[in-house]
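Worksheet for the structure shown next.
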Protein chains: 2
Amino acid sequence: MLLTDRQLLILQVIVDDFIRSAQPVGSRSLSKKEEISFSSATIRNEMADLEEMGYIEKTHTSSGRVPSEKGYRYYVDHLLSPQALDQHDIKIIRSIFAGKIFEFENIIQKSAKMLSELTNYTSIVLGPAVSVNKLKRIQIVPLNKETAVAILVTDTGHVENRTFSLPASIDSNELEKTVNILNERLNGVPMDELHDKIYKEVASLLKQHIIHYDWFLQSIAETVKIPNTEKLFFAGKTNMLSQPEFHDISKVRNLLTIIDHEEWITDMIRSNSTGINVKIGSEIQNSIMENCSLITATYSAGSEKLGTIAILGPTRMEYSRVIGLLKLLSSDLSSALTKLYHYK
Amino acid sequence: MLLTDRQLLILQVIVDDFIRSAQPVGSRSLSKKEEISFSSATIRNEMADLEEMGYIEKTHTSSGRVPSEKGYRYYVDHLLSPQALDQHDIKIIRSIFAGKIFEFENIIQKSAKMLSELTNYTSIVLGPAVSVNKLKRIQIVPLNKETAVAILVTDTGHVENRTFSLPASIDSNELEKTVNILNERLNGVPMDELHDKIYKEVASLLKQHIIHYDWFLQSIAETVKIPNTEKLFFAGKTNMLSQPEFHDISKVRNLLTIIDHEEWITDMIRSNSTGINVKIGSEIQNSIMENCSLITATYSAGSEKLGTIAILGPTRMEYSRVIGLLKLLSSDLSSALTKLYHYK
DNA sequence: GTTAGCACTCTTTGTTACCGAGTGCTAATT
DNA sequence: AATTAGCACTCGGTAACAAAGAGTGCTAAC
C-alpha cells in the first residue's frame with residue numbers, strides 16, 4: 001500500500017523534527033510548521049494511518065509520535081532531503097588532505113577525528129587488511145646473542161615487527177645470508193602467503209647454507225605470521241554519552257563495552273559492497289545497538305577496496321548530513337590514497 | 001592532637017565498611033560489628049570528635065558518616081590492614097610472566113588488562129620514554145622513486161618507523177652508502193640525541209659521498225625526531241561506570257574525556273619517586289578527579305627506572321588490595337624486564 | 001475530504017504525609 | 001569520669017494524590 005504525498009510529507013517532517021529535538025512530535029506542533037497547511041485533526045488522522053502501517057509509533061497512548069525503524073528506513077531510502085553539504089563541513093574535510101601525505105595511519109586517524117568532531121557521533125575507520133599487502137623487504141636485526149627483531153615492510157610502507165629467539169649456533173654471516181635469501185624469494189609475496197611460501201621455496205635453499213636450519217626456519221615462519229585482522233581507528237568513543245537516548249548508565253556501559261571489543265566492531269563494519277550503507281537499529285544485528293544506526297562508506301585506492309569508514313550514532317541520527325560527509329570523505333580519501341600508492 | 005586507640009579503631013572500621021558498601025556508616029550498624037564492644041552512643045560521641053578533627057563527614061545532618069579525604073589519607077598512611085594478598089590474585093599476576101617473554105608492549109598490555117580485571121578499576125601503564133633508548137640499527141627501505149620508510153630499531157627491540165620523501169636525484173647506491181654511514185656513526189646513540197648528532201658528525205661525511213646531500217640530510221634528521229612521549233597503555237577504561245559514585249552521566253563523561261587526553265594522564269602519572277604512591281581526591285590536582293584516587297608504582301630494569309603502573313579508582317578504593325597487587329606486579333615486572341634486557 | 005470540538009489518557013510536576021535511619025543531647029548508670 | 005539508655009529532632013526516600021499540560025481518537029459539523 002502506497003503512501004500519499006501528504007503522508008510522505010508528514011512522515012518526513014516527523015522524522016526531521018524528531019532528529020532535531022529528540023522529543024515525540026504531536027499533531028499540534030506539526031500543524032504550526034510552515035510547510036504544513038492543514039489542521040491538526042487532519043494530521044492526527046494521517047498519523048493514525050502512518051502508525052497502522054508501522055512507520056511511526058507512540059511512546060504511550062497519548063504521546064506524540066516517534067519514527068519507527070521502518071519509518072527511518074523509508075526516510076533514508078526515499079525522503080532524504082538533497083544533501084547540500086555545509087561549506088564549513090566541506091572545508092574541514094578538505095583540510096585533512098591539505099598537507100603532503102606520507103602515512104596512511106596518520107591520515108586515517110585524522111579523518112576519524114574530524115568526522116567525530118563534526119558530527120558528535122562515534123566514528124570508526126577500518127583499515128586495510130595488512131595481509132593483502134605485499135612484502136617489500138624483510139630485515140632481521142639481532143638485539144643480542146639470543147634474540148632478534150624481524151621487520152617486515154610492505155609495499156604500502158606499513159611496517160610490522162616481531163621479536164623472536166635466535167638459535168644459539170647462528171653467526172652474523174649466516175643471518176645475513178638468510179635475510180638475503182628471504183628478500184630474494186619473498187619480495188612481492190602477499191603477507192598472508194609468506195608462511196606457506198617460506199616452507200615451499202625458502203626451506204630447501206636455507207638448508208644448503210645454514211646449520212640447524214630447521215628450528216630457525218620454523219621460528220622465522222612463525223614470526224612472519226601477521227595477524228590478518230584489519231586495524232581499527234576510533235574517534236569520539238564517548239560522544240554517545242551526550243546523546244539524550246543514552247542518559248541511562250547501563251545502556252552507555254553496554255555500548256562502550258561493545259565498542260571496546262574490536263573484533264565485534266570489525267565484523268559489524270566490514271562490508272562486501274562498496275559505497276554508502278545504512279544500517280538502522282536492529283539491522284545492525286546486535287541487541288545492544290537497538291537504538292543506534294551505523295552508516296558505512298568504503299574507500300579504495302585505484303580500483304582496490306581498502307577499508308571502511310563508519311559513523312555510529314543514535315537511530316535519531318542526522319542521516320542526510322552524515323551521508324553527505326561520508327560520501328565526501330570517502331571519495332577524497334580514496335583519491336588521496338590512490339595518489340599515495342601510485343595507482344593509476 | 002592524637003587519636004585514641006578507640007578512635008583509630010572506629011575510623012578504620014568506618015573506612016573499611018564504606019569501601020565495601022559505598023553507604024554512609026551509622027553508629028548503630030558499627031556497634032553491631034564484632035570488633036566493636038561499646039555502645040552506639042559512645043560511638044556517636046567518638047564520631048562527633050572524629051568529624052570535628054576532619055577525618056569523617058556527614059552527607060547531610062542526620063546521615064551516617066563517610067570518610068573525608070583526610071580520613072582516607074590517615075587510613076592509607078597508618079591503618080592499612082597488613083596486605084595479605086589473595087592466593088588467587090597472586091596466581092593471576094604470576095600467570096602474566098609464565099610464557100617466554102619477547103616483547104615489552106605485549107607484557108605491559110597484558111599486565112594492564114589483568115590489573116583492571118582483578119580490581120574492576122581503570123589501569124594505566126606508562127611505558128618507558130623511547131628517547132632514552134639507544135639506536136641499534138637504522139634502515140631505509142625505498143617504496144618507490146619518491147618515498148622511503150626509515151626504520152629505527154632500539155637496543156630494547158623497539159621499532160619506530162616513518163615515511164619520508166627521497167630526493168629525486170638519489171640512487172640506490174648512494175642510499176646504501178648513507179645508511180652505512182648512519183649506522184656506523186649513530187649506533188648506540190640515545191634516540192633523542194640522534195637529530196643533533198646527525199648534524200654534528202654525519203653531515204660532513206655525507207657531504208663527501210652524496211650529491212644534493214643538504215636536503216637529504218635535513219629530511220633524515222627530521223625523520224629521526226621521535227616524539228619523546230612515553231606510550232600509555234590502558235585497560236578497563238569503562239570500569240568506572242560500574243562504580244556507584246559514577247551513576248551520574250556528566251561525571252562519567254568528564255572522567256572519560258580526561259582519560260582520553262593522554263598527555264594529561266601522562267603528566268598525572270609520571271612520578272619522579274620510585275615505589276608506591278597514593279594520591280587521594282584533590283591530591284590528584286584535577287577537579288574532575290575529586291572523587292578518584294590514583295595509586296602508582298614504578299617498575300624498572302636493573303637499576304634504571306622504566307615506567308609507572310597506575311590504578312585509577314574511586315576514592316572509595318580497596319587501597320590495601322590494590323597496593324598489594326601493584327607491589328607484586330611492579331616487582332615481578334621489573335625482574336622480568338631486567339631479564340629481558342639482560343641487565344645484571 | 002477537512003476541521004472544530006470534546007472527552008479521555010498518560011506523563012510530569014508539585015504537595016503532602018509518613019517511615020526509617022541516623023544524630024545530638026541529657027540524664028541515668030556503672 | 002566514662003559509658004550508655006532514652007528521646008526529640010532532622011533529613012532523605014517513597015508513596016499517594018492532585019492538578020496541569022500535551023496529546024490522542026472520535027464525532028459531528030462544515
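The chains referred to below are lettered A, B, ... by the order of the sequence lines, with proteins before strands, and numbering in each begins at 1.
The nearest whole Å value for the distance from the CZ atom in B/Arg44 to the P atom in D/dT10 is 16 Å. Residue B/Glu52 contributes atom CD, which lies 11 Å from atom P of C/dG24 at whole-angstrom precision. Look at CG on B/Asp49: it is 12 Å from P on D/dT3, rounded to the nearest Å. Atom CD1 of A/Ile36 and atom P of C/dT3 are 12 Å apart (whole Å). With rounding to whole Å, A/Gln7 atom CD is found 13 Å from C/dG1 atom P. Atoms CZ (A/Arg65) and C1' (C/dT9) sit 13 Å apart, rounded to a whole Å. As rounded to whole Å, 15 Å separates atom P of C/dG1 from atom CZ of A/Phe38. When the P atom of D/dT24 is taken as reference, atom CD1 of A/Ile43 falls 9 Å away, rounded to whole Å.
Toward the 5′ end of DNA chain D lies the nearest nucleotide of B/Asn45, the other residue of the pair B/Asn45 and B/His60 mapping further downstream.
Note on B/Thr61: every side-chain N or O is 4.0 Å or more away from OP1 and OP2 of C/dG22. Close to C/dG24, at under 4.0 Å from its OP1 or OP2, lies a side-chain N or O of B/Lys58. Look at A/Thr42 and you'll find a side-chain N or O under 4.0 angstrom from OP1 or OP2 of C/dT3.
Taking a cutoff of 4.0 Å between a charged side-chain nitrogen and a carboxylate oxygen, A/Asp77 and A/Arg73 qualify as a salt bridge. A salt bridge links A/Arg6 with A/Glu46: the closest approach of a Lys/Arg side-chain nitrogen to an acidic carboxylate oxygen falls below 4.0 angstrom.
Within the nucleic acid shown, A/Ser63 comes within 4.0 Å of sugar-phosphate atoms alone, with no base atom in reach, counting heavy atoms only.
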Are A/Lys91 and A/Asp86 close enough, and set up right, to give a salt bridge (charged side-chain N to carboxylate O under 4.0 Å, His left out), and what steps lead you there? CA-CA 9 Å; A/Lys91 221 168 119 186; A/Asp86 190 284; over 6 Å; no
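Between B/Leu85 and B/Arg321, the shortest heavy-atom distance links the atoms CD2-O, 4.3 Å. Taking all atoms of both residues into account, the shortest heavy-atom contact from B/Lys70 to B/Gly54 is CB-O, 3.5 Å.
Residues passing the ring pair (Phe, Tyr, Trp, His ring centres under 6.0 Å) test with A/Tyr121, sequence neighbours excluded: none.
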Below 3.5 Å between N/O atoms, which protein atoms pair up with nucleotides 15-21 of chain D? Just atom names and distances, please.
none

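Between the side chains of B/Glu318 and B/Thr119, no donor-acceptor pair is found at a separation under 3.5 Å.
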